Amino acid sequence: SGAVTIWASAMIGDGRIWPRLLQMRRLTTLPLYLKRLPVHFRVFATATRAIRKASLVFVQSPDQIEAFRRRGLDTHLIRNVQTSVPESDVQQHRGLPIILWAGSLKSWKRPEAYLELARRCRNLDARFVMIGAVQELRYSDLMADALNELPNLRWDGAIPLPRVHEYFSQAHLFVSTSIQESYPNT
């Protein structure tokens with residue numbers, strides 16, 4: 001038919017079932033895990049067929065290139081276009097240390113782990129700052145409770161990407177609690 005099929009892989013685990021199953025097991029109850037297991041095997045089988053039949057496979061890291069190469073697939077690397085904060089812009093401020101968390105509020109990003117860090121460090125002379133939009137409804141209540149409980153926590157919500165660099169340039173420490181990441185937008 002002349003159609004071109006493209007597979008774009010975002011993370012190292014894309015197209016591999018075992019990392020996904022292990023992640024899912026950590027994030028769900030056993031009954032829910034067992035209920036969803038057949039669905040994940042069907043999705044994995046479909047994804048595997050799609051990857052093998054794709055005309056082009058795009059990846060985001062050398063690790064992905066190697067992972068797909070081991071499976072006999074040729075890939076094309078797409079580099080991250082997001083620039084890093086220049087070293088000269090980092091920590092050019094006075095005041096309390098800022099500990100930053102940036103990302104979407106959803107289960108595999110594990111924002112609750114950062115909130116627990118802020119809770120355990122509530123007597124530390126530091127400011128815990130979170131930026132990111134709620135992607136799973138349960139995090140709205142979690143954030144409301146945490147903001148009421150923790151005077152050392154600030155949540156600025158969704159920030160336009162051009163302004164995210166301001167947060168990184170003010171932070172002394174960036175904390176990532178994600179189970180896995182492709183290259184981030186931040």
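What you see is a predicted model; the values in this text were computed from it and never measured. In this chain, numbering begins with 1 at the start of the sequence shown.
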Rounded to the nearest 0.5 Å, how far apart are [atom1] of [X] and [atom2] of [Y]?
X	Y	atom1	atom2	result
D74	F68	CG	CZ	12.0 Å
Q60	I65	CD	CD1	11.0 Å
C121	L153	SG	CG	12.0 Å
L100	R127	CG	CZ	12.5 Å
R70	E66	CZ	CD	5.0 Å
T29	K35	OG1	NZ	10.0 Å

Practice problem: Share the residues that join V43 in a hydrophobic cluster, the rule being Ile, Leu, Val, Met, Phe, Trp or Tyr side chains under 4.5 Å apart at the heavy-atom level. | Solution: V39
Quiz item: Testing W101, Y114, W108 for side chain to side chain donor-acceptor pair (under 3.5 Å) with T177, which one passes?
Solution: W101
Self-check item: Matching residue for S107 among E136, Q135, E112 - test: side chain to side chain donor-acceptor pair (under 3.5 Å)
Solution: E136
Quiz item: Looking at residues at least two apart in the chain, or sitting in another chain, which of them share a salt bridge (Lys or Arg N to Asp or Glu O under 4.0 Å) with R163?
Solution: E166
Exercise. Determine whether more than 12 heavy atoms belonging to other residues, nucleotides or ligands lie under 6.0 Å from atom CG of L137.
Key: no
Quiz item: Is the number of heavy atoms from other residues, nucleotides or ligands within 6.0 Å of CZ (R138) greater than 12?
Solution: yes
Self-check item: Partner set under side-chain hydrogen bond (donor to acceptor under 3.5 Å, both in side chains) for Y167, not counting sequence neighbours
Solution: D156
Practice problem: State which residues pass side-chain hydrogen bond (donor to acceptor under 3.5 Å, both in side chains) with T75; sequence neighbours excluded, sorted by chain then number. | Solution: none
Quiz item: Do L161 and I131 share a hydrophobic cluster (ILVMFWY, side-chain heavy atoms under 4.5 Å, transitive)?
Solution: yes
Quiz item: Side-chain heavy atoms under 4.5 angstrom apart, residues restricted to Ile, Leu, Val, Met, Phe, Trp, Tyr: same cluster for I99 and L147?
Solution: yes
Self-check item: Contact list for residues 133-159, test ring-ring contact (aromatic ring centres under 6.0 Å, His included), sequence neighbours left out
Solution: none
Shortest non-hydrogen separation from [X] to [Y] and the atoms involved:
X	Y	result
H172	P97	ND1-CA, 3.2 Å
P38	L34	CD-O, 3.5 Å
I98	Q170	CD1-O, 3.7 Å

Is there side-chain contact between [X] and [Y], with heavy atoms separated by less than 4.5 Å?
X	Y	value
M130	L115	yes
R71	I51	yes
H76	V59	no

Quiz item: Does any pair with a residue in residues 141-152 pass side-chain hydrogen bond (donor to acceptor under 3.5 Å, both in side chains), and if so which ones, sequence neighbours excluded?
Solution: R119-E149, R122-E149
Quiz item: Given the rule in the side chain to side chain contact (heavy atoms under 4.5 Å, CB included) test, do L117 and F128 qualify, once you have shown the distances and angles that lead to the verdict?
Solution: CA-CA 9 Å; L117 178 65; F128 287 77; 3.9 Å; yes
